[in-house]
Amino acid sequence: MAGSPQGGAGHIALVDVNNFYVSCERVFDPRLEGRPVVVLSNNDGCVVARSAEAKALGVKTGAPWFQVQAQAKAWGLVARSSNYELYGDMSARVMEVVGRFGAWQEVYSIDESFVGLMGDAGALAESGRQIRAAVDRHVGVPVCVGVAGTKTLAKFANRIAKQNPALGGVCALDAMPAGHVDAVQSRVPASGLWGVGGRTAERLKLLGIESIADLKAADPAMIRKKFSVVLQRTVLELNGTECIPHAEERVDKQQIMFSRSFSTPVTTVEGMESVMAVYAQRGASRLNQEGLRASAMTVTAGTSRFAAGEGSFPAVTLRFAAPTQDPIVLIRAAVAAIRQSAVPGASYLRAGVMFSGLEPVAGQDVLEVFDTAGSQPGVGDVLGEVRGKFGSLAIGLGIGGLAEPPSWSMKREHSSPRYTTEWAELPVVRA
DNA sequence: TCTGGGGTCCTAGGACCC
DNA sequence: TCTGGGGTCCTAGGACCC
């Protein structure tokens, strides 16, 4: 089992940004402070982030925007389209600041990281407060910090920090009054834990295991037998045994996806062919950015999951004779795959391409001499270079080269500027 | 009319081999 | 015609997370 990397008194802090996407929007638009704000998914489809005020109004994550929108005006609710370029850049800034405080850091998601802290309960809580202050000063977004001996408990401590304003956003589990932690664990259902979802919670209930405290007291061997090694680890971690290993810097992605729903349905096979031409190209451009090539590609499409009737959900996986990132090869293959598998007349709402069997381009092998002809850059590199200099709409292949987006492309009606990553969209300060 | 997009890990089962 | 047991690799699907 993974011990603390420092040996001895290692603790784990889970630091995450409160309502991350909303907080990013607020940094650049202070008018949003104190107001109910939501950030919408791609296509302005549903709510993916909510400010505290929006949560208080009962707006749920995943709620379809067209339903929420009805009351938005009466509530004074503001919506923003998601602006992933901005959030990605803000995320990097937060991670850099948080990382300064840890003996090690593991970035877990766009807004969370685990960091290694040392010291007694008092020192741990003090480190938590320093992290909060530093992120506030250097980036301007609010974070919460949970500190404990295992990742699962750090997540739990973070939850306590969030739910008790009196704690000032920091909870070091060891510094809490003993009885208090037990009381919370008896009250909170097991599904509130990291790693325990709805399905598992239902099955646990059949065994009489309902609260976190119940799960903590369960026999790990029985849990392993009836459920999985994953849930067994949760039980052990609740009891203070660290057994979720630190993911060493995982640079090697295992798959790359590009998947989107459309603003208006596509009902012809030819229409789907042009969609795939664009999507395969977007995917290929991601492969190129990551310096990877793929040995397999899966092409998918789907009609509405909410419509009556059967629907159509084609999914075709193709394997390439040699791994590739060549957009021309990828586009041809994707278009051919959708031509075979799309049902004429079906009303498609979404499509995607997924690349797997990834490997770095750098490891040039002998065979590759034949398709790259010496040191000539591939088509993907040329496209990437032009886009880097002149913007992402500057160049493309086939329909993917149209500067005017086709009718089915994404809806983003409430987008904020890319304040930190596009010179043309820098915020302007007037004094 | 309108319901996200991207990932990871684990397990079971099939194919194949010796 | 018989036909065990062990191993690997791959894939699909489930569950979960943010």
Side-chain angles (χ1 to χ4, degrees), chain A residues 14 16-22 38-50 59-70 72 79 81-84 87-88 91 106-114 151-152 155 158-159 190-204 224-234 243-245 247 250 252-265 279 282-283 286 290 295-296 298 300 302-307 311 313 315-317 319 347 349-358 407-408 410-414:
Chain A
L14 186 272
D16 73 348
V17 182
N18 303 347
N19 318 321
F20 180 54
Y21 297 170
V22 170
V38 294
V39 173
L40 305 177
S41 65
N42 278 323
N43 225 12
D44 293 347
C46 62
V47 172
V48 291
R50 309 160 293 157
V59 178
K60 297 274 182 269
T61 299
W65 171 238
F66 73 91
Q67 284 173 7
V68 179
Q69 195 173 21
S81 301
S82 40
N83 184 345
Y84 291 106
Y87 311 148
S91 170
E106 182 187 327
V107 175
Y108 177 68
S109 75
I110 192 164
D111 77 322
E112 287 172 74
S113 68
F114 292 104
K151 286 185 178 176
T152 302
K155 276 272 202 180
N158 181 279
R159 182 197 153 104
S191 58
L193 281 173
W194 184 47
V196 182
R199 297 296 175 94
T200 303
E202 299 255 308
R203 290 176 55 207
L204 282 169
R224 161 108 202 213
K225 224 164 99 190
K226 295 215 157 117
F227 293 84
S228 67
V229 64
V230 181
L231 194 60
Q232 183 191 34
R233 287 201 277 250
T234 301
C243 53
I244 298 177
R250 170 183 282 284
D252 50 329
K253 286 196 182 164
Q254 310 198 357
Q255 45 183 241
I256 286 181
M257 294 172 83
F258 184 83
S259 156
R260 290 279 185 284
S261 42
F262 316 141
S263 56
T264 54
Y279 282 29
R282 297 288 296 272
R286 280 195 193 171
E290 304 268 348
S295 44
T298 303
T300 60
T303 51
S304 171
R305 296 192 305 280
F306 300 90
F313 302 90
V316 180
T317 299
R319 247 155 279 277
S347 194
L349 272 180
R350 51 180 303 108
V353 290
M354 184 179 102
F355 300 110
S356 51
L358 305 179
S407 63
W408 40 262
M410 253 179 23
K411 197 159 50 173
R412 287 178 81 173
E413 291 177 351
H414 315 277

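Computed from a predicted model, the values in this text were never measured in an experiment. In what follows, chains are A, B, ... by sequence order, proteins preceding strands, each numbered from 1.
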**Report entry** 5′-ward residue of the pair A/Pro64/A/Val229 relative to DNA chain B
**Finding:** A/Pro64
Query raised in the report: Which part of the nucleic acid does A/Glu112 contact within heavy-atom distance under 4.0 Å: base, sugar-phosphate only, or nothing?
Result: sugar-phosphate
Query raised in the report: Under 4.0 angstrom, heavy atoms only, what part of the nucleic acid is A/Asn43 near: base, sugar-phosphate, or nothing?
Result: nothing
Requested in this report: Check every strand shown and say whether A/Arg319 touches a base, only sugar-phosphate, or nothing at a heavy-atom separation below 4.0 Å.
Outcome: sugar-phosphate
**Report entry** Between A/Ser109 and A/Asp111, a side-chain donor and acceptor under 3.5 Å
**Finding:** yes
Query raised in the report: Can you find a heavy atom in the side chain of A/Lys155 that is under 4.5 Å from one in the side chain of A/Leu193?
Result: no
Report task. Mind checking A/Thr264 for me? I need base, sugar-phosphate or nothing, with any heavy atom below 4.0 Å counting as a touch. Result -> nothing
Query raised in the report: Looking for any heavy atom pair under 4.0 Å, which part of the strands does A/Leu193 touch: base, sugar-phosphate only, or nothing?
Result: sugar-phosphate
Report task. Scan A/Tyr108 against the nucleic acid and name what it touches under 4.0 Å (heavy atoms): base, sugar-phosphate only, or nothing. Result -> sugar-phosphate
Query raised in the report: On a whole-Å scale, what distance lies between the C1' atoms belonging to B/dC17 and C/dT3?
Result: 15 Å
Report task. Keeping the roles fixed (side chain from A/Ser347, backbone from A/Pro265), state whether a donor-acceptor pair exists under 3.5 Å. Result -> no
Query raised in the report: How would you label the contact of A/Lys60 with the nucleic acid (heavy atoms, under 4.0 Å): base, sugar-phosphate, or nothing?
Result: nothing
Query raised in the report: Should A/Val38 and A/Val68 count as side-chain neighbours, where that means a heavy-atom distance under 4.5 Å?
Result: no
**Report entry** Under the side chain to side chain donor-acceptor pair (under 3.5 Å) test, residues paired with A/Thr298 that sit two or more places apart
**Finding:** A/Thr317
Report task. Using chain A heavy atoms and a threshold of under 4.0 Å, write down where along DNA chain C the contacts begin and end, 5' to 3'. Result -> C/dT11 to C/dC18
**Report entry** Contact check, side chains of A/Thr200 and A/Val230, non-hydrogen atoms, under 4.5 Å
**Finding:** no
**Report entry** Interatomic distance at C1', C/dG4 relative to B/dC16, whole Å
**Finding:** 16 Å
Report summary line: Stem ranges of DNA chain C by first residue number, counting only runs of at least 3 Watson-Crick or G-U pairs under 3.5 Å, come to B:5-18 with C:5-18
Report task. With heavy atoms under 4.0 Å as the rule, sort A/Trp65 into base, sugar-phosphate or nothing. Result -> nothing
Query raised in the report: So what does A/Ile256 hit on the nucleic acid, given a heavy-atom distance under 4.0 Å: a base, only sugar-phosphate, or nothing?
Result: sugar-phosphate
Report task. Indicate, with a heavy-atom threshold strictly under 4.0 Å, whether A/Gly198 touches base, sugar-phosphate, or nothing. Result -> sugar-phosphate
Requested in this report: Answer with base, sugar-phosphate or nothing: what part of the nucleic acid does A/Asp111 contact at a heavy-atom distance below 4.0 Å?
Outcome: sugar-phosphate
**Report entry** Residue pair A/Ser41, A/Asn43: steps toward the side chain to side chain donor-acceptor pair (under 3.5 Å) verdict
**Finding:** CA-CA 6 Å; A/Ser41 65; A/Asn43 225 12; over 6 Å; no
Report task. For the pair A/Trp194 and A/Phe114, name the ring-plane relationship: parallel under 30°, tilted 30 to 60°, perpendicular over 60°. Result -> tilted
Query - Residue whose nearest DNA chain B nucleotide is more 5′ - A/Thr61 or A/Phe227 - result: A/Thr61
Requested in this report: Would you classify A/Phe258 as touching base, sugar-phosphate or nothing, given that sugar-phosphate means primed atoms plus P, OP1 and OP2, and contacts are heavy atoms under 4.0 Å?
Outcome: sugar-phosphate
Query raised in the report: Under the 3.5 angstrom rule, does the side chain of A/Ser81 hit a backbone N or O of A/His414 as a donor-acceptor pair?
Result: yes
Query raised in the report: For A/Tyr108 and A/Asp16, what are the C-alpha separation, side-chain angles and deciding distance, and is it a side-chain contact (heavy atoms from CB on, under 4.5 Å)?
Result: CA-CA 10 Å; A/Tyr108 177 68; A/Asp16 73 348; over 6 Å; no
